[in-house]
Student: 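Take this structure, written in structure tokens, and hold onto it; I'll ask about it next.
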Amino acid sequence: MDILDKILAGLNPAQKEAVEAPDGPLLILAGPGSGKTRVITHRIAYLVRIRGVNPQRIMAVTFTNKAAREMTERLERLMSYAVKELTIGTFHAICSRILRRDGSAIGIDNRFVIYDGDDQTRLLKRCLQELNLDPKQYAPAALASAISSAKAHLLDPRQYLERGRSYFDEIAARVYELYQQRLRESNALDFDDLLMMAVLLFRRNPDVLERYQSRYLHLLVDEFQDTNLVQYELIRQIGGKHRNICVVGDPDQSIYSWRFADLRNILSFEKDYPDARVILLEQSYRSTRTILETASRIIMANQQRKPKNLWTENEVGEPVSTVETYNEQEEAQFVAREVERLVSRGEASLGDFAVMYRTNAQSRVIEETFLRHGISHRLVAGTRFYERREVKDIIAYLRLIQNPNDGVSLMRIINIPQRGIGDQSQARFSAWAKSLDLSLYEVLKQLAGKEMKAPFTPHVAGVLCAFAGMMEGLAARSNELNLVDLFDLVVERTNYRAYLMNMPDGEERWDNVMELRKVAEQHRDLYPPDGLTAFLEGVTLVSDVDSLEEGVPAVTLITLHQAKGLEFPVVFIVGMEEGLLPHFRSFDDPAQMEEERRLCYVGVTRAKKRLYLVRAFRRNLMGRSIVTEPSRFLADIPRDKLATGSSWQEERGGVDASQYAWEKPSLSAAVARPDLKAGDRVRHAQFGEGVVVGIKATSNDTEATVAFDGHGVKKLLMSFARLEKVV
DNA sequence: GCCTCTGGATTTTTT
DNA sequence: ATCCAGAGGC
């Protein structure tokens, strides 16, 4: 078969048009399941194999490493050679590579370390302390977000201050300035720096930019709707010469505005590149017609959007199931039983299922329930592996070896394992370094070399010297040892195992250290310093979805955000409630509310065959059980798409048992008290006497709303609360 | 300096 | 419910 036929085989006309589009800017607006990844990969194959473009001159940017990996794998099947020569990666990974290579032009030492969110918070707290600011008043998280915003908009502290409109902004600008100074001293970059510094590098060094511009003849960007201003600028810079910029995105799936993703980038694109060819991919191959129409109806309610006309040739499929359960335990049980039911009927296998939720906290009940049911599952995220204490400790040692200036890592491990350097000594140590205007490590080194006398007790001074000596020793060996041996040496010298084994969950923690060692083994073959660099970069720039393997026989538990770009035959979206989806935090902001809707849309469109929208009538939030309202998004689903005739519009808030869309989850302990009715007078052990205001039947219990004399209105479960009827 | 206890706050989403 | 910071005891 002819190569071109092979590349175009199975593509629809719009996809073909995108793949074969001539040079010049290209904007592809692609609905969910319309084959956008396919289009990008096939276009790359087309460029290389038909148009004869040197693969070294193509850059493809993805949102996650996983997407990059998948793209690479698909390309290997399509072109079998030269795939390694392509530049494929996330914005962060690509920028990091650029900065390692050329960052020296703006004063960045190529041994820089990358600070993750946790490191960033630690550093921010130190900055707050130094500025005598109260971390309660100025939450590190809020400051981190302000700084992140500044960087995403390419503002330095001064520019940020100029644009500031509040007292908080002023404080934030001051913190930002100090924070940035500390980063620089530590030879460290945070995630946002990677992007911002790359842009600055290009701005200040046209010759460097020119090198990249000339090299990259073609630039392809996935998930374009989630790019922010820096990323947009970066694309503009690198693609500026040849202007063969191909961006693919779906405005309806833009869910990262809190990371300063800006939908206007899509509009800007058409303005900045008026000659851009716009291609719409509207045929969807993923979901059943019912699911696709449900999704369309949900997203249609957004005001700020361009209408589009998604269609599919797929079968109508099963109706969407909306299910209300009593509480989150029952919600989880419903999911578990439904999984069991479909599996036992042979309709699906474990790997086909995904349970999606708005907040990570929701995963817990599901996980516990699955454990009890013996349903194997994999939790995307959980306590993230690379954020675990023991893992970060070892990483901190290795980072410090690579880059002695890394202040955050140094302070992290200076007393781990315990060396008797407590808070007091640590504070004195850093204050002293500051007064000498030396980096922390520099001070340590001089201390060890007896070049200065320290304002510490002899004991503390001795311990610091020993620590310095150990680090020096490790650093000295780092050039001759491969990464794994270095890893082992760090663990051995620090006696880290014994330290962990002293803890109650030491075994488990030690297992994590060994798991990390396995990651290190992947870089064993690299030349010593390169292995360390590659390893450290890898462990910082990974995301949780990256480790998600396909074909594992387990149910996937995942947040709606993480689920973007994935698909599953059977999807459960749990917590379809006001306050969760949409989340409370978006209630007062229409733009945010539209984003919540898009998030819901993303979730719904992940499903190929079956979709369940589940909610709990009661949910435990911050310790207290509260009564929920069905998500407003449910009201937009047409009746005929649902599993039963139940209509949320009519029954909003209603908890009549007959309204269950799916089979009623039945639990034991059903205690109905038909003898009790509104108006009855009752007595409760704690609240005293009151009047029954309402009675509601739930799936397995009865709930009474009682107005107590002097205790206000309470909702009580008849199975738990001992209510006595007062005659 | 370190460990333990208590009270208080705290939960959106993440490269 | 759980995590964290600060206080107080060893």
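Since the model is a prediction, treat every value here as computed from it, not as a measurement. Per chain, numbering begins at 1; letters A, B, ... match sequence-line order.
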Student: May I ask you to say what A:K66 touches in the nucleic acid, namely base, sugar-phosphate or nothing, with a heavy-atom cut-off under 4.0 Å?
Tutor: nothing
Student: Rounding to a whole Å, what distance do you find between A:Y256:OH and B:dT13:P?
Tutor: 11 Å
Student: So A:T559 and A:N360, do their side chains get closer than 4.5 Å, heavy atoms only?
Tutor: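 A:N360 vs A:T559: side chains touch.
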Student: Establish, with yes or no, whether the OP1 or OP2 oxygen of B:dT14 is under 4.0 angstrom from a side-chain nitrogen or oxygen of A:N360.
Tutor: yes
Student: Stacking here means centres under 5.5 Å and planes under 30°; does A:W258 stack on B:dT13?
Tutor: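 By the stated criterion, A:W258 and B:dT13 stack.
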Student: Check whether any side-chain heavy atom of A:H583 lies under 4.5 Å from a side-chain heavy atom of A:Q592, and answer yes or no.
Tutor: no
Student: Distance check: side-chain N/O of A:K564 vs OP1/OP2 of B:dT15, anything under 4.0 Å?
Tutor: no
Student: Using whole Å, report how far CG of A:L580 lies from P of B:dT13.
Tutor: 11 Å
Student: Heavy-atom distance under 4.5 Å between the side chains of A:T556 and A:H377, does that happen here?
Tutor: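 No, every pair of side-chain atoms sits at 4.5 Å or beyond.
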Student: Say you pick atom P in B:dT13 and the same atom in C:dC4; how far apart are they, in whole Å?
Tutor: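 Their P atoms lie roughly 15 Å apart.
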Student: What nucleic acid atoms does A:Q562 come within less than 4.0 Å of, heavy atoms only: base, sugar-phosphate, or nothing?
Tutor: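 Contact class for A:Q562: sugar-phosphate only.
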Student: Provide, to the nearest angstrom, the distance between the CD atom belonging to A:E537 and the P atom belonging to B:dT15.
Tutor: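 After rounding, the reported distance stands at 15 Å.
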Student: Just N and O in the side chain of A:T559: are any of them under 4.0 Å from OP1 or OP2 of B:dT14?
Tutor: yes
Student: Starting from P on B:dT14, measure out to CZ on A:F63 and report it in whole angstrom.
Tutor: 10 Å
Student: Give the intermediate values and the outcome of salt bridge (Lys or Arg N to Asp or Glu O under 4.0 Å) for residues A:R632 and A:E578.
Tutor: CA-CA 7 Å; A:R632 67 190 69 186; A:E578 288 293 293; 2.6 Å; yes
Student: B:dT13 P sits how many Å from A:I573 CD1, rounded?
Tutor: 16 Å
Student: In the 5'-to-3' direction, what one-character label does each nucleotide of nucleotides 1-11 of chain B receive under the scheme B = base within less than 4.0 Å of a protein heavy atom, S = sugar-phosphate only, - = no such atom?
Tutor: SSS-------B
Student: Atom CG of A:N228 and atom C1' of B:dT14: how far apart are they, to the nearest Å?
Tutor: 13 Å
Student: Out of B:dT15, C:dA5, C:dA1, which nucleotide sits closest to the side chain of A:T90?
Tutor: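 So the nucleotide nearest the side chain must be B:dT15.
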Student: Between atom CG in A:D226 and atom C1' in B:dT13, what is the gap in whole Å?
Tutor: 11 Å
Student: Less than 4.5 Å apart, any side-chain heavy atom of A:V614 and any of A:M576?
Tutor: no
Student: How far does the C1' atom of C:dG6 sit from the matching atom of B:dT11, given to the nearest Å?
Tutor: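 After rounding to an integer number of Å, I get 22 Å for this pair.
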Student: Answer whether the closest heavy-atom distance between the side chains of A:Y232 and A:F224 falls below 4.5 Å.
Tutor: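 Result yes, sub-4.5 Å side-chain heavy-atom pair found.
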Student: Can you tell me how far P of B:dT13 sits from OH of A:Y357, to the nearest Å?
Tutor: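 In whole Å, B:dT13 P lies 10 Å from A:Y357 OH.
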Student: What does A:F91 touch in the nucleic acid at a heavy-atom separation under 4.0 angstrom: a base, only the sugar-phosphate, or nothing?
Tutor: nothing
Student: Would you indicate whether A:R389, at its atom CZ, is surrounded by more than 12 heavy atoms from other residues, nucleotides or ligands within a distance under 6.0 Å?
Tutor: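 Counting other residues, nucleotides and ligands, CZ of A:R389 stays at 12 neighbours or fewer.
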Student: For atom CD of A:E130, is the number of surrounding heavy atoms from other residues, nucleotides or ligands below 6.0 Å larger than 12?
Tutor: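 Buried by this count: over 12 neighbours within 6.0 Å.
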